[in-house]
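Report on the structure given below.
Numbered from 1 within each chain, the chains take letters A, B, ... in sequence-line order. Only a predicted model underlies this, so the values are computations on that prediction, with no experimental measurement involved.
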Number of protein chains: 2
Amino acid sequence: MEQLDRVFSALADPTRRAILARLAEGEATVNELVEPFDLSQPTISQHLKVLEHAGLVSRGRAAQFRPVRLNAAPLAGAARWIGDYRRFWEESLDQLDAYVKNMQAKEKRHGSKRKR
Amino acid sequence: MEQLDRVFSALADPTRRAILARLAEGEATVNELVEPFDLSQPTISQHLKVLEHAGLVSRGRAAQFRPVRLNAAPLAGAARWIGDYRRFWEESLDQLDAYVKNMQAKEKRHGSKRKR
DNA sequence: TCTCTATATAGCTATTTACCTATTTACGAT
DNA sequence: ATCGTAAATAGGTAAATAGCTATATAGAGA
């Protein structure tokens, strides 16, 4: 399995995305990460393992705590991959934009038919 | 399941990313998409279904063909999610950069110890 | 209507995933 | 030494996923 695969599939789970969001505010212990979720500690530890294998978090050691911190570097690759498609969605946003403008122009011309 | 979940998990598979890359060059029939892979037609159809549920492709109808075309719009959401972390990886790239520069400076100062 | 081709669907298997509870390990502190 | 707490690991289950072959459907053209 490749790096990009692991990154995207790590991001596919909302719990894991929430964990990353939390870590964006600073490092946390496992129990701190468990707290906001209605999930068991081992389940969170497992999610952390997935994130770790994707290279998205790294672990320290401080007494009996294993602080987790964000490592965003692998997101660069994902961003680059998606970025290659930017022109396509911008195109379609332009089309949407054009469509909306067109509709608004029509609304003006036939103002009497306006709803509401 | 939410949209972003479906988008990221669609992107987690290299076959599906390759299909999207192919579609970036223009629409294609299912058989055209099967050809480059060592996978059966039903397997590709299934991948297309995943992409379709993620909103990443849409299907037409032309005679007995069901042309597949790229719909990049949902990638915008994924890009935006990842984009929120850009500052973190740029930070770490800066650190890497600083590290490299530092090493190079040391190399210069102790030029005689250079290896190779 | 019969046939050919494109694609979808059915039904199967093996693997992976997400969760759980119970237990173990690793420290720190008393 | 033992107690308490943080986190990992073991071991289990149910559901999802990725693949296959075989078959069904839909439309074009003879």
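Rounding to the nearest 0.5 angstrom, the gap separating the CG atom in B:Leu33 from the CD1 atom in B:Ile44 is 7.0 Å. Atom CD of A:Gln46 and atom CD of A:Glu52 lie 13.0 Å apart (nearest 0.5 Å).
Residue B:Phe37 contributes atom CZ, which lies 17 Å from atom C1' of D:dC20 at whole-angstrom precision. Between the CD1 atom of A:Ile44 and the C1' atom of D:dA8 there is a distance of 14 Å, rounded to whole Å. One can place CD of A:Glu52 at 13 Å from P of D:dA7, the figure rounded to the nearest angstrom. In this structure, NZ of B:Lys49 is placed 7 Å from C1' of C:dT9, rounded to the nearest angstrom. Distance A:Phe65 CZ to C:dG28 P: 10 Å, rounded to the nearest Å. Counting to the nearest Å, the P atom of C:dA6 and the CZ atom of B:Arg59 are 14 Å from each other. Atom P of nucleotide C:dA18 and atom NE2 of A:His53 are separated by 14 Å, given to the nearest angstrom. Atom pair A:Arg66:CZ and C:dT25:P shows a separation of 16 Å (rounding to whole Å applied).
The local environment of CD in B:Glu35 is sparse, with at most 12 non-hydrogen atoms from other residues, nucleotides or ligands closer than 6.0 Å. Heavy atoms of other residues, nucleotides or ligands lying less than 6.0 angstrom from CZ of A:Arg59 number more than 12.
Not one side-chain nitrogen or oxygen of A:Arg61 sits closer than 4.0 Å to the OP1 or OP2 atom of D:dA6. At C:dT7, one or more side-chain N or O atoms of B:Asn31 fall inside 4.0 Å of OP1 or OP2 (strictly under the cut-off).
In the region residues 3-12 of chain B, proximity to DNA chain D at under 4.0 angstrom, judged on heavy atoms, holds for none of the residues. Scanning residues 16-28 of chain A for heavy-atom distances under 4.0 Å to DNA chain D yields an empty list.
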Can you pull every protein N or O that's under 3.5 Å from an N or O on nucleotides 28-30 of chain D?
none

What's touching nucleotides 19-22 of chain C from the protein side, N or O pairs under 3.5 Å?
| residue | atom | partner | partner atom | Å |
| --- | --- | --- | --- | --- |
| C:dC19 | OP2 | A:His47 | NE2 | 2.5 |
| C:dC19 | N4 | A:Gln46 | OE1 | 3.2 |
| C:dC20 | OP2 | A:Ser40 | N | 3.1 |
| C:dC20 | OP2 | A:Ser40 | OG | 2.7 |
| C:dC20 | OP2 | A:Thr43 | OG1 | 2.4 |

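Residues that satisfy the ring-ring contact (aromatic ring centres under 6.0 Å, His included) test with B:Tyr85, not counting sequence neighbours, are B:Trp81.
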Below 3.5 Å, can you tabulate the donor-acceptor pairs from side chains in residues 10-17 of chain B to any protein atom, sequence neighbours excluded?
| residue | atom | partner | partner atom | Å |
| --- | --- | --- | --- | --- |
| B:Asp13 | OD1 | B:Thr15 | N | 2.7 |
| B:Asp13 | OD1 | B:Thr15 | OG1 | 3.4 |
| B:Asp13 | OD1 | B:Arg16 | N | 3.2 |
| B:Arg16 | NE | B:Ala10 | O | 2.9 |
| B:Arg16 | NH1 | B:His47 | ND1 | 3.1 |
| B:Arg16 | NH2 | B:Ser9 | O | 3.1 |
| B:Arg17 | NH1 | B:Leu11 | O | 2.7 |
| B:Arg17 | NH2 | A:Asp5 | OD1 | 2.8 |

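Relative to the side chain of A:Val30, the nucleotides D:dT17, D:dA8, C:dA8 differ in distance, and D:dA8 lies closest.
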